[in-house]
Engineer: 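Mind looking over this structure? Questions follow.
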Amino acid sequence: MKIYLPQWETEREAPRGTRLSEVLYAFLGEMWSTPCGGNGTCGKCAVTWNGKEVLSCQTRLEEDGTVLLPESVVAGGMVQKCLAVLTEFSPELGEADGSDDYGLAVDLGTTTLAAALVRGGQVLGTVSRMNPQARYGQNVISRIGFSLTEPNGARTLQELLLRSIKEMALELCAQAGIAFSEIGRGVFAGNTTMEETLLGLNLESLSGIPFLPSTDFQTETEALFPGMRVRLFPVMGGFVGGDITAGLLAARPGADTLFLDLGTNGEMVLTLDSARLACAAAAGPALEGAEISCGMRAGFGAIESVTFDSAASEFRFHTLGDVPRPVGICGSGLIDLLALLLDGGDLTPDGRLVGGKPWELCEGISLTQADVRQLQLAIGAIRAGIQILLKKGGRRPEDLRMLAVAGGLGRSLNIRNAQRVGLLPVEVPAERIAFLGNTSLCGAILALNREALWRTSFGIAAGTTCFDLSQEPDFTDTFVACMEWK
């Protein structure tokens, strides 16, 4: 029997009569568990099998079919895939130290938080959610302002973060059947503002030039969660933080490699023969679906890709989970749509929708002029950052041996379309572009059980030179030029 898993775009085979849960365990390992021993009593192995909700432990294969899994499991599978890609990309990562206690790895994203429960180097489960701090600003600048101007602002932001991390950890503990108190270690990665917010530090030094990290920043603490020793990745500068340190630790890019994290802050690092240069472009959350009228993060029901069927003269799309009625459109789908509209003449090079009205992809999903402007700003910022970074490093795009793209957006990104809208340099051949996934979370997972890697992260941070993109004399002109599509 053939079992198709569209969320991973893969297929598995198993003999007739095999329990579906056994197929899923063979594919996902400990991330797919049946706490009741397959008796059908706990309900935790529920899936959608050929359009019907079933318990996988009670379902035997009698026909070919398609299985859809819960989003939390899908996210965990993506992390496992990311770790596998990174191990191939950087074989020297080595084996875990062998500790058998439970650890918590957390990616403190500006827009999205993600966490993984780890034991002995094995990911037991993952979970993600929107960052609740977004109510006080979609970007770190707004949140820094809130922390400094509002009474107890810093404490408010810290408490929101601590509460969300604790809730995610409890959800993972429930899945694994353990108590929160059994998690003895944590490794967290985030941009400088997020890590300092978690520690409850005064953010004054990040509020103005030269945008420096706090002198009170510490990489280890036991004050956040009683009984848990928490480590935070060392930061590189005011706007290039521990998430990029974690990403570089995981990816280990070689010379003439551009490491590009396509998140809210658009951090990028150019590795040269004996040096590294880094900067951050204020891209904002548009590429993650935020501040877009029909946008959403890459989750169940999101349009992740858009194509144009020339024979039928119509647009087609694919949703995560093969949902027939989409809930919204995520970053990769937005990039596809922009590229196709440019190709078809429905979008002008300066970013105007022809006709001046929202462009409807399907019922309930439209792209407005305001949406285009948000995407134009995000893409322009990243594009300008890449150009200035390469110029400072004495490199041209065609000189790059590798463009390593980190972040969830890269999972479904169409290279041709990303280059068409200027998000990725068109001069870099597709075979030199690698999508690594959430390297921030993966770096935290790796450092949980590899003490040598944790120590290496300090050398990575100290050995990277950061510069403020906005203070570069040619930034404004470059940014304006990068807003134009050809």
Side-chain angles (χ1 to χ4, degrees), residues 76 78-109 114-124 126 183-192 194-195 198 213 217-222 224 228-237 240-255 257 259-261 267 269 271 274-276 278 402 404-407 434-464 466:
M78 292 304 171
V79 168
Q80 295 282 37
K81 181 179 179 180
C82 176
L83 288 169
V85 169
L86 285 167
T87 301
E88 181 178 349
F89 191 78
S90 180
E92 69 271 21
L93 290 173
E95 295 295 326
D97 294 339
S99 175
D100 202 36
D101 59 343
Y102 292 96
L104 182 69
V106 180
D107 170 33
L108 303 168
L117 183 65
V118 182
R119 188 182 193 188
Q122 174 69 36
V123 179
L124 304 181
T126 68
I183 303 177
R185 298 170 298 114
V187 175
F188 296 179
N191 64 56
T192 308
M194 291 300 301
E195 291 196 2
L198 180 66
F217 181 84
Q218 52 188 326
T219 57
E220 295 200 30
T221 178
E222 296 186 6
L224 299 177
M228 185 190 303
R229 184 189 68 181
V230 171
R231 287 175 163 176
L232 291 92
F233 272 98
V235 303
M236 300 178 185
V240 183
D243 51 347
I244 304 306
T245 305
L248 293 176
L249 179 73
R252 298 295 185 89
T257 294
F259 177 88
L260 176 62
D261 191 317
E267 298 100 332
V269 181
T271 301
S274 58
R276 280 187 301 272
M402 180 66 66
V405 182
F435 297 108
L436 304 182
N438 189 339
T439 55
S440 174
L441 181 59
C442 288
I445 292 169
L446 292 169
L448 266 173
N449 292 92
R450 293 168 173 82
E451 188 65 25
L453 285 184
W454 170 250
R455 293 195 298 269
T456 298
S457 70
F458 289 86
I460 292 174
T464 304
C466 297

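Computed over heavy atoms, backbone and side chain alike; hydrogens, waters and symmetry mates excluded.
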Engineer: Of all heavy-atom pairs between Pro253 and Leu248, which one has the smallest distance, and what is that distance?
Structural biologist: CG-CD2, 3.7 Å
Engineer: Check for a donor-acceptor pair, side chain of Thr245 on one end and backbone N or O of Pro234 on the other, with a separation under 3.5 Å.
Structural biologist: yes
Engineer: Do the side chain of Arg185 and the main chain of Leu448 share a donor and acceptor less than 3.5 angstrom apart?
Structural biologist: yes
Engineer: Determine the minimum heavy-atom distance between Ala250 and Leu446, stating which atoms define it.
Structural biologist: CB-CD1, 3.9 Å
Engineer: Taking all atoms of both residues into account, what is the closest heavy-atom pair of Val235 and Phe217, and its distance?
Structural biologist: CG1-CZ, 4.1 Å
Engineer: What are the two closest heavy atoms between Gly242 and Glu195, and how far apart are they?
Structural biologist: CA-OE2, 3.5 Å
Engineer: Using the test side chain to side chain donor-acceptor pair (under 3.5 Å), find all partners of Asp243 that sit at least two apart in sequence or belong to another chain.
Structural biologist: none
Engineer: Ignoring hydrogens and angles, tell me if any N or O in the side chain of Thr192 forms a donor-acceptor pair with the backbone of Gly237 under 3.5 Å.
Structural biologist: yes
Engineer: What's the separation between atom CZ in Phe188 and atom CG in Leu232, rounded to the nearest 0.5 Å?
Structural biologist: 7.0 Å
Engineer: Among Thr271, Thr257, Thr464, exactly one meets side-chain hydrogen bond (donor to acceptor under 3.5 Å, both in side chains) together with Arg276. Which residue is that?
Structural biologist: Thr464
Engineer: Kindly compute the distance separating OG1 (Thr221) from CE (Met228), expressed to the nearest 0.5 Å.
Structural biologist: 11.5 Å
Engineer: With a 4.0 Å cut-off, would you call Glu451 and Arg231 a salt bridge?
Structural biologist: yes
Engineer: Search all heavy atoms of Ala116 against all heavy atoms of Ile445 and return the closest pair with its distance.
Structural biologist: CB-CD1, 3.9 Å
Engineer: Nearest 0.5 Å, what's the CG-CZ distance between Leu260 and Phe435?
Structural biologist: 9.5 Å
Engineer: I need the Thr126 OG1 to Asn438 CG distance, nearest 0.5 Å.
Structural biologist: 9.5 Å
Engineer: As an exercise, state the distance from CG of Leu453 to CZ of Arg252, rounded to the nearest 0.5 Å.
Structural biologist: 5.5 Å
Engineer: Got Val230 and Val106 here, is their nearest side-chain heavy-atom distance under 4.5 Å?
Structural biologist: no
Engineer: Any idea which heavy atoms bring Ala406 and Thr439 closest together, and the distance?
Structural biologist: CB-OG1, 3.3 Å
Engineer: I need the Phe233 CZ to Leu249 CG distance, nearest 0.5 Å.
Structural biologist: 5.5 Å
